[in-house]
There are 2 protein chains.
Amino acid sequence: MAMSAEQESADQEPAGRDLDEPGTGGAGGRVTVTAMPARRTPRGTLSRQVLLDSAREIVDIGGVNALSMRALGARLGVDPTAIYRHFQNKNELLDALADQMIRGEEPLPATGDPAADLRDSLRQLRRQLLRYPTLAPSVLRQPPGTGSWWDRMEHAVGALRATGRSAAEAAAAWQTLLFFVVGHSLVEARHLAENLAADRVGAPMPTVNPSRSRYPELAAVAPYLHADLDDQFEAGLDRLLGA
Amino acid sequence: MAMSAEQESADQEPAGRDLDEPGTGGAGGRVTVTAMPARRTPRGTLSRQVLLDSAREIVDIGGVNALSMRALGARLGVDPTAIYRHFQNKNELLDALADQMIRGEEPLPATGDPAADLRDSLRQLRRQLLRYPTLAPSVLRQPPGTGSWWDRMEHAVGALRATGRSAAEAAAAWQTLLFFVVGHSLVEARHLAENLAADRVGAPMPTVNPSRSRYPELAAVAPYLHADLDDQFEAGLDRLLGA
DNA sequence: ACCTGAACACCGTTCAAGT
DNA sequence: ACCTGAACACCGTTCAAGT
C-alpha cells in the first residue's frame, strides 16, 4: 500500500470522513485529502500507475467520496483535466481501482493442500475488500468472469477439482462460494466504513435483541447468532464446503 | 409502485440512463426525469410518503443517479430545499428508500410449508433488489439486524426451525443464506443496471470462455457454469438448504 | 505531446426572508 | 408552520489555448 505518513496533519476537523455516495455538502465530516506539499509533478511523469497510486492513497485516507478528479489533480500538483489523457473518465479510473482491489498484492496461496488453499484465497479476497471499506462496493464493477476475477476463479476451481470434485460440482460450488464471500464482505465493509466515518473503530455489529413478543423466533435464536464476523465468515465457509 | 405512464416523453435522447455513482457530467445518457407537468404541489401536502413515492418513481425511470434533491423538488413542483422539512438530508431519504426496497409490498409467504415459504421469501428478496437495479446496492445501508430486515429474519428463522433445525442451526443457516442472496442479487443487479443503461435488455451475463492454455481449470469447468441466473440462484439455495 | 484555464451544467446544504 | 431564493462550496467534463 505504501501510504504517505503525512495524512494526520488535518487533525483539526473532529468528524470522520464522508461515507455516503453523493457529494455530501457543507455539513461536518469533510476531510480534504487534497492538502499536500503539492509538489508539482513534472511533465511526462503522469501515468496510469501514478494516478492509480495517488487515487488509492486518497481513498485510503478519506474514503471513496474524497476521490474527485480535482482532488486527485491537486494531490499530484497537476491540473485535474490532465487526468483525462490517461483515463477516459472517472468511471474508467474506478474500474481500474476496483480491479486492483480484487487482484490484491499477495500471491494466491499454493501450499499443496488444495482445501486449505481454497479457504485461504477466499479469506484473502475478503481481507482485500475490508481493506478499502468505502471502495468495496466497487467490486460490482467487475462482474465475475472478467478482469481480475479470472485468476481467482482459475485458482479456486483448480482447488475444488483437486479435492476430488467433478467439473460440474466445482463450477456450482465456486459460484455459490463467490456470492457468499461478496455478500458477507460487502455487508461487513459497509459496517466498517460507517465506524470509520464516525471515528469509532472496532465497534461490533449491532446485537440483535428483539422483543420476545413481536419476534419470538428471533429471540430464541439470538444467542446463537455469531457476534464475531470472522467466526461468522468461517462458519459460512464450513457450511458451503462441508466442514 | 404505481409509476406514472408519462415517462416516455423524453424519447429524444438516444442513450440510456446513467449507471455510475458520481454526478456524471455532460456526456451522453443523461435523462432528465424532472421534465413533468410540474403541477405545483399545494402547501401542506408534502410529506415523507409523497416524497418517497416521487423519489421511487425517479429511480424507476432514470436510475438512482437521476435522484437529486433538485430533481425531486422539480418533479413535485416544489423548491428543492422544502424537502429538508421532511428528511434531514439526502442520506436519510436514501435510507428510507432502501428500507422500502427491503420490505417490498408482497406479504411474506405463509402457505404452511415452511421449506417452501423460506425459499419463496428469499426469491422475493432477490426480486425486490432486481426491481430497482441501480438502487440495489443501497441494501447495504440497512445492516442485517435493523429496520426491515427484522420481519424477514423472523420469518426465515421461523421457517428454518419449523423444518426441524435447532436454534443454533437456524441461526447459522440464516446468516449464510442471507449473504448468499445479497451477493448474488447485487451482482445480478449491477449487470441489469448496465444493460438498462445501454438500452439493451435481457443480455446474458458474459460467457466465460477462457483460453485453454492460460486457464485450463476454467476451460474444463466452463460448460458447467450456469448461464441462466435463475438456475444459478436456485442451485445456490439447494446447496445451502440441502437439495 | 502533454498540460492548463476557463467555462458549462450540474450537485447538497444553509440561512435569511417571505407567506 | 411551511416554503422560497439566493448563496456557498463543491462536482465531472469539454474545448480552445498554451508550452
Side-chain angles (χ1 to χ4, degrees), chain A residues 13 15 17-35 38-48 50-51 55 58 62-95, chain B residues 13 15 17-35 38-48 50-51 55 58 62-95:
Chain A
E13 281 270 10
R17 46 188 173 175
D18 283 341
L19 175 58
D20 281 297
E21 281 100 80
T24 356
R30 183 184 295 288
V31 164
T32 306
V33 180
T34 298
R39 34 145 176 43
R40 187 158 216 78
T41 298
R43 285 204 157 221
T45 52
L46 217 55
S47 68
R48 281 177 76 96
V50 168
L51 286 165
I58 292 177
V64 79
N65 292 313
L67 178 59
S68 71
M69 300 306 253
R70 287 168 149 95
L72 181 52
R75 188 177 180 82
L76 288 165
V78 135
D79 192 276
T81 61
I83 303 164
Y84 289 83
R85 291 283 139 191
H86 302 92
F87 294 94
Q88 270 206 354
N89 50 37
K90 192 181 177 182
N91 287 335
E92 221 186 49
L93 191 147
L94 286 170
D95 286 346
Chain B
E13 281 270 9
R17 46 187 172 176
D18 282 340
L19 175 58
D20 281 297
E21 282 99 84
T24 355
R30 183 184 296 287
V31 164
T32 306
V33 179
T34 298
R39 30 133 175 59
R40 185 158 217 79
T41 298
R43 285 205 158 223
T45 51
L46 217 54
S47 68
R48 282 177 74 97
V50 168
L51 285 165
I58 293 178
V64 80
N65 292 313
L67 178 59
S68 69
M69 301 305 254
R70 287 167 149 96
L72 181 52
R75 188 176 182 82
L76 287 165
V78 134
D79 192 276
T81 62
I83 302 163
Y84 289 83
R85 289 283 139 191
H86 303 92
F87 293 93
Q88 270 207 354
N89 50 38
K90 193 181 177 183
N91 287 335
E92 220 187 50
L93 192 147
L94 286 170
D95 286 346

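Per chain, numbering begins at 1; letters A, B, ... match sequence-line order.
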Exercise for the section: Just compare C:dT4, C:dT13, D:dC11 and give me whichever is closest to any side-chain atom of A:Arg70. Expected result: D:dC11
Practice task
Of all the heavy-atom pairs spanning A:Leu46 and A:Ala82, show the shortest one and how long it is.
Solution key: CD2-CB, 4.0 Å
Practice task
For the side chain of A:Lys90, starting at C-beta, report the closest nucleotide among C:dT4, D:dG12, C:dG12.
Solution key: D:dG12
Handout entry: Spacing between A:Asp79 atom CG and D:dG12 atom P, to the nearest angstrom
Key = 13 Å
Problem - Sidechain-backbone polar pair: B:Arg70 side chain, B:Pro80 backbone, donor-acceptor under 3.5 Å - result: no
Practice task
Could you tell me the separation between the CG atom of A:Leu76 and the P atom of C:dT4, rounded to a whole number of Å?
Solution key: 11 Å
Exercise for the section: State which of C:dT4, C:dG12, D:dG12 makes the closest approach to the side chain of A:Met69. Expected result: D:dG12
Exercise for the section: For A:His86 and A:Leu51, work out which heavy atoms get closest and say how close. Expected result: CB-CD1, 3.7 Å
Handout entry: Residues that B:Gln88 engages under side chain to side chain contact (heavy atoms under 4.5 Å, CB included), provided they are two or more places apart
Key = B:Glu92
Handout entry: Separation of C:dT4 C1' from A:His86 NE2 (nearest whole Å)
Key = 15 Å
Exercise for the section: For DNA chain C, just give me the dot-bracket, please: Watson-Crick or G-U, both distances below 3.5 Å, ( ) intra-strand, [ ] crossing earlier pairs, | paired with another strand, . unpaired. Expected result: ||.|||||...|||||.||
Handout entry: Residue A:Leu46, side-chain atoms from C-beta onward, closest of C:dG5, D:dT4, C:dC3
Key = C:dC3
Fill in the blank from the handout: Distance col, row B:Asn89:CG vs B:Ile83:CD1, nearest 0.5 angstrom, shows 11.5 Å
Fill in the blank from the handout: Considering only heavy side-chain atoms of B:Ser68, the closest of C:dC3, C:dG12, D:dT4 is C:dG12
Practice task
Specify the separation, in whole Å, of atom CG of A:Leu67 and atom C1' of D:dC10.
Solution key: 15 Å
Handout entry: Nearest-angstrom distance from the residue atom CG of A:Asn91 to P of D:dG12
Key = 10 Å
Problem - Residue pair A:Ala71 / A:Ala66: nearest heavy atoms and the distance that separates them - result: CB-O, 3.5 Å
Exercise for the section: Find the distance B:Glu92:CD to C:dT13:P and express it as a whole number of Å. Expected result: 10 Å
Exercise for the section: Provide, to the nearest angstrom, the distance between the CD1 atom belonging to B:Ile83 and the C1' atom belonging to C:dC15. Expected result: 17 Å
Practice task
Nearest whole angstrom, please: distance from the P of C:dT13 to the CG of B:Leu72.
Solution key: 12 Å
Practice task
Under 4.0 Å between any heavy atoms, over every strand shown, what does A:Thr81 touch: base, sugar-phosphate, or nothing? Just pick one.
Solution key: base
Practice task
List the steps, then state whether side-chain contact (heavy atoms from CB on, under 4.5 Å) holds for A:Leu67 with A:Leu94.
Solution key: CA-CA 10 Å; A:Leu67 178 59; A:Leu94 286 170; 4.1 Å; yes
Exercise for the section: Using the P atom as the reference point in each nucleotide, state the distance between D:dA9 and C:dA9 in Å, no decimals. Expected result: 22 Å
Completion exercise
Which of D:dT4, C:dG12, D:dT13 is nearest the side chain of B:Tyr84? It is C:dG12
